Participant: 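This is the structure I have questions about; it appears just below.
Computed from a predicted model, the values in this text were never measured in an experiment.
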Amino acid sequence: MKKRVAVMSFLVICLTFVSYVYLNKDDKKSEEKEDIYLKTVVFKDEDNELIPVSINFHSQVELEQEVRNRINLMKSDELKRYGLYPVLSKDLEVLSVGLENKVLTLNLNDQIVANKDDMSILEALTFTMTDYDNIDRLKIQINGKDISHLPNSTIPVSSLTKNLGLNNFVETSSILHETIPVMVYNEKVIHQYSYYIPTTIRIDENDSVNEQVKTILSQIQGKIQVVDTSLKNGVLTVKLGSNILLDNEKIDQTLEDLIVLSLSSLKGVKDVKIKINNEDVRTKKTSIIEYNFIKI
């Protein structure tokens, strides 16, 4: 009997070991399958609002190929089921890609103007192509020739920097240079999916940080009360009124995300602290805020 029990125990141990190895092997396979390499592309909804979307491209490739991949996706109908439509013409072709002195040159065919919504096209291309650390400006060519404007936009292509933003309704270049651009995020439900949509607004560069914060937050929710603000070593601390707290004395997660994303667009701001009644009410770090992620 003891011998039988010993044999059974040995078999159980072996089975456990094999199961452990098998499960760990599956876990490793699962981890290998879930390579994460998020990049942003831009689509539009039925109201022609531009929506940045995070897509997992799974692996990093050479810059030229990645540029082509992102543009190919932005001219596709692949996200229609999510209420998102292509910004670029399906016949748009990337003829060549070049990078020199932090300027990315996109040489495209003449289908760049096929959709006749040049402002949206410029914003979408600039937003996606300048989100690399080594790229500060986008230069566009058509069939190898430099251009100064697209036919249906007064924005000169020389202004295609990160500051252009999305859903920017300012067409006068002088205003672009006289004010500070910031991105204000709001929530919008499209086809039962919730998206955070940024709008570029311009604020007076001579305003105090407190006034700039008030201007931004008023665009998110009118009842947000700004008690005090301070900016030190890249950390913006914002003290807000308690009227925005929920019954559980916490801030709504969506509202927190919108506040942090919007205030992070202020020049010199690397992180945001939100305090109410002198207590920190942030629930997660700025660096881990993910939004508009779509798995394809």
Participant: Salt bridge or not for Lys188 and Asp47, using N-O below 4.0 Å?
Facilitator: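 Judged by the 4.0 Å cut-off on N to carboxylate O distance, Lys188 and Asp47 do form a salt bridge.
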Participant: Nearest 0.5 angstrom please: Arg282 CZ to Ile276 CD1, how far?
Facilitator: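 CD1 of Ile276 is found 12.0 Å from CZ of Arg282.
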Participant: Donor-acceptor pair, distance only, cut-off 3.5 Å: does the side chain of Thr40 make one with the backbone of Ser54?
Facilitator: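 Pair absent, no side-chain N/O of Thr40 close to backbone of Ser54.
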Participant: Is Lys275 paired with Glu279 through a side-chain N to carboxylate O contact shorter than 4.0 Å?
Facilitator: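 Between Lys275 and Glu279 there is no salt bridge, as every charged N stays at least 4.0 Å from the carboxylate O atoms.
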Participant: Any side-chain to backbone donor/acceptor pair from Asp204 onto Asn206? Under 3.5 Å, distance only.
Facilitator: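 Side chain of Asp204 to backbone of Asn206: a pair is present.
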Participant: Would a 4.5 Å heavy-atom cut-off, applied to side chains only, mark Ile224 and Ser218 as touching?
Facilitator: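 Sidechains of Ser218 and Ile224: no contact.
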Participant: Ion pair present between Lys75 and Asp91, side-chain N to carboxylate O less than 4.0 angstrom?
Facilitator: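 Salt bridge between Lys75 and Asp91, a charged N being under 4.0 Å from a carboxylate O: no.
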Participant: Using modelled atom types only, decide if a donor and an acceptor are shared between the side chain of Gln141 and the backbone of Ile147 within a distance under 3.5 Å.
Facilitator: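 Absent.
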Participant: With a 3.5 Å cut-off and no angle check, do the side chains of Gln212 and Asp207 form a donor-acceptor pair?
Facilitator: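 On atom types as modelled, these side chains do not qualify, holding no pair under 3.5 Å.
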Participant: Provide the closest heavy-atom pair for Asp280 versus Ile274 in the form atom of the first, atom of the second, distance.
Facilitator: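 In terms of heavy atoms, the two residues are closest at OD1-O, 3.2 Å.
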Participant: Where the side chain of Asn167 meets the backbone of Pro198, is there a donor-acceptor pair that is under 3.5 Å apart?
Facilitator: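 Yes, Asn167 side chain to Pro198 backbone: donor-acceptor pair under 3.5 Å.
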Participant: Could you go through Val53 and Val42, starting from their C-alpha distance and side-chain angles, then the distance that decides it, and tell me whether this counts as side-chain contact (heavy atoms from CB on, under 4.5 Å)?
Facilitator: CA-CA 6 Å; Val53 179; Val42 175; over 6 Å; no
Participant: Would you compute the distance between atom CG of Leu38 and atom CD1 of Ile55 and round it to the nearest 0.5 angstrom?
Facilitator: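 Nearest 0.5 Å value for the CG-CD1 distance: 9.0 Å.
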Participant: Checking side chain to side chain contact (heavy atoms under 4.5 Å, CB included) between Leu258 and each of Leu263, Ile220, Ile289, which is the one that passes?
Facilitator: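 Going through the options one by one, the only one that passes is Ile220.
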Participant: Quick one, Arg137 with Leu104, criterion side-chain contact (heavy atoms from CB on, under 4.5 Å). Give me CA distance, side-chain angles, the key distance, then yes/no.
Facilitator: CA-CA 6 Å; Arg137 185 164 66 89; Leu104 181 72; over 6 Å; no
Participant: What are the two closest non-hydrogen atoms of Val238 and Leu240, and how far apart are they?
Facilitator: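 Looking at all heavy atoms of both residues, the closest pair is CG1-CD2, 3.2 Å.
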Participant: Apply side-chain contact (heavy atoms from CB on, under 4.5 Å) to Ile112 and Ile140, showing your working.
Facilitator: CA-CA 10 Å; Ile112 187 176; Ile140 293 178; 4.0 Å; yes
Participant: Here's a test for you: under side chain to side chain contact (heavy atoms under 4.5 Å, CB included), which of Ile71, Val97, Leu160 qualifies with Met129?
Facilitator: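 Result for side chain to side chain contact (heavy atoms under 4.5 Å, CB included) with Met129: Ile71.
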Participant: Does some side-chain heavy atom of His191 sit less than 4.5 Å from a side-chain heavy atom of Glu46?
Facilitator: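 A side-chain contact exists here, since the closest heavy-atom pair is under 4.5 Å.
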Participant: I'd like to know if the side chain of Glu256 reaches the main chain of Thr283, judged simply by a donor and an acceptor atom lying under 3.5 Å from each other, with no hydrogens or angles considered.
Facilitator: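 Side chain of Glu256 to backbone of Thr283: a pair is present.
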Participant: Between the side chain of Asp136 and the main-chain N/O of Lys102, is any donor-acceptor distance below 3.5 Å?
Facilitator: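 No; judged by distance alone, with no hydrogens or angles, the pair does not exist.
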Participant: Is it the case that the side chain of Asp35 and the backbone of Ser59 share a donor-acceptor pair, with hydrogens and angles ignored and the cut-off at 3.5 Å?
Facilitator: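 It does not hold such a pair.
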Participant: Under a single-linkage definition using a 4.5 Å side-chain heavy-atom cutoff for Ile, Leu, Val, Met, Phe, Trp and Tyr, are Leu50 and Tyr85 assigned to the same hydrophobic cluster?
Facilitator: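 Looking at the clustering, Tyr85 is in a separate group from Leu50.
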Participant: Where do Thr200 and Gly165 come nearest, in terms of heavy atoms and distance?
Facilitator: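 Closest approach of Thr200 to Gly165: OG1-CA, 3.2 Å.
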Participant: Tell me whether Asn278 at atom CG has more than 12 heavy atoms from other residues, nucleotides or ligands lying less than 6.0 Å away.
Facilitator: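 For Asn278, atom CG is not crowded (no more than 12 foreign heavy atoms under 6.0 Å).
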Participant: Calculate, to the nearest 0.5 Å, the distance between atoms OG1 and CG belonging to Thr237 and Leu231 respectively.
Facilitator: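 Interatomic distance, Thr237 OG1 to Leu231 CG, rounded to 0.5 Å: 8.5 Å.
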Participant: Give a yes or no on whether the backbone of Lys223 and the side-chain of Asn243 come within a donor-acceptor separation of less than 3.5 Å.
Facilitator: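 Flag set: sc Asn243 to bb Lys223 pair under 3.5 Å.
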Participant: Relative to the ring of Tyr291, is the ring of Tyr196 parallel (under 30°), tilted (30 to 60°) or perpendicular (over 60°)?
Facilitator: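 Judged by the thresholds at 30° and 60°, the geometry between Tyr196 and Tyr291 is parallel.
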Participant: Tell me whether Val227 is reachable from Val209 by hopping between hydrophobic residues (I, L, V, M, F, W, Y) whose side-chain heavy atoms are closer than 4.5 Å.
Facilitator: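 Per the 4.5 Å side-chain linkage, Val209 and Val227 are not co-clustered.
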Participant: State yes or no: do Leu99 and Tyr132 share one hydrophobic cluster built from I, L, V, M, F, W and Y residues joined by side-chain heavy-atom distances below 4.5 Å, directly or via other members?
Facilitator: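 Leu99 clusters together with Tyr132.
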Participant: In the structure I gave you, are the side-chain heavy atoms of Gln221 and Ile244 within less than 4.5 Å of one another anywhere?
Facilitator: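 Contact flag for Gln221/Ile244 side chains = yes.
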Participant: Report the C-alpha distance between Gln65 and Gln60 in whole Å, list the side-chain angles of each, state the deciding distance to 0.1 Å, and finish with yes or no for side-chain contact (heavy atoms from CB on, under 4.5 Å).
Facilitator: CA-CA 10 Å; Gln65 186 58 52; Gln60 188 173 7; over 6 Å; no
Participant: Exactly one of Leu95, Ile142, Leu138 should register a side chain to side chain contact (heavy atoms under 4.5 Å, CB included) with Leu106. Which one does?
Facilitator: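 That would be Leu138.
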Participant: More than 12 heavy atoms of other residues, nucleotides or ligands under 6.0 Å from CG of Asn233: is that the case?
Facilitator: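 No, the 6.0 Å shell around CG holds no more than 12 heavy atoms from other groups.
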Participant: Is any side-chain heavy atom of Ile203 closer than 4.5 Å to one of Leu266?
Facilitator: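 A side-chain contact under 4.5 Å exists here.
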Participant: For Tyr37 and Phe57: C-alpha separation, side-chain torsions, deciding distance, then whether ring pair (Phe, Tyr, Trp, His ring centres under 6.0 Å) applies.
Facilitator: CA-CA 5 Å; Tyr37 185 67; Phe57 282 80; 7.5 Å; no
Participant: Does Gln219 form a side-chain hydrogen bond (donor to acceptor under 3.5 Å, both in side chains) with Tyr185? I'd like the steps, not just the answer.
Facilitator: CA-CA 8 Å; Gln219 301 290 318; Tyr185 288 77; over 6 Å; no
Participant: Please say yes or no: joined through hydrophobic side-chain contacts below 4.5 Å, possibly via intermediate residues, are Ile296 and Ile51 part of one cluster?
Facilitator: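 Yes: a chain of side-chain contacts under 4.5 Å links Ile296 to Ile51.
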Participant: Under 4.0 Å between a side-chain nitrogen and a carboxylate oxygen: does that hold for Arg70 and Asp131?
Facilitator: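 A salt bridge is present here (some side-chain N lies under 4.0 Å from a carboxylate O).
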Participant: Give the cluster check for Val41 versus Tyr193: same hydrophobic cluster or not, with ILVMFWY residues linked at side-chain heavy-atom distances below 4.5 Å.
Facilitator: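 Yes, Val41 and Tyr193 fall within the same hydrophobic cluster.
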Participant: Quick test of your reading of the model: are Glu49 and Lys44 salt-bridged, counting only N-O distances below 4.0 Å?
Facilitator: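 Looking at Glu49 and Lys44, the cut-off is not met.
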Participant: Do Asp45 side-chain atoms and Asn48 backbone N/O form a donor-acceptor pair below 3.5 Å?
Facilitator: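 Between the backbone of Asn48 and the side chain of Asp45 there is a qualifying donor-acceptor contact (under 3.5 Å).
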Participant: Determine whether Lys239 and Thr229 make a side-chain contact, defined as any pair of heavy atoms from C-beta on separated by less than 4.5 Å.
Facilitator: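 Contact flag for Lys239/Thr229 side chains = no.
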Participant: Just by distance, no angles: are the side chains of Gln192 and Tyr82 close enough, under 3.5 Å, to form a donor-acceptor pair?
Facilitator: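 Note: Gln192 and Tyr82 side chains miss the donor-acceptor criterion.
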Participant: Start with the C-alpha distance between Glu187 and Ser194, add both sets of side-chain angles, then the distance that settles side-chain hydrogen bond (donor to acceptor under 3.5 Å, both in side chains), and finish with yes or no.
Facilitator: CA-CA 7 Å; Glu187 184 183 28; Ser194 176; 2.6 Å; yes
Participant: Indicate yes or no: at least one non-hydrogen side-chain atom of Glu123 is less than 4.5 angstrom from one of Asn168.
Facilitator: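 Yes, their side chains come closer than 4.5 Å.
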Participant: Does Ser265 use its side chain to pair, donor to acceptor, with the backbone of Ser262 at less than 3.5 Å?
Facilitator: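 Judged by distance alone, yes, a pair lies under 3.5 Å.
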Participant: Can you tell me if CG on Asn248 sees more than 12 non-hydrogen neighbours from other groups inside 6.0 Å?
Facilitator: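 More than 12 heavy atoms, drawn from other residues, nucleotides or ligands, come within 6.0 Å of this atom.
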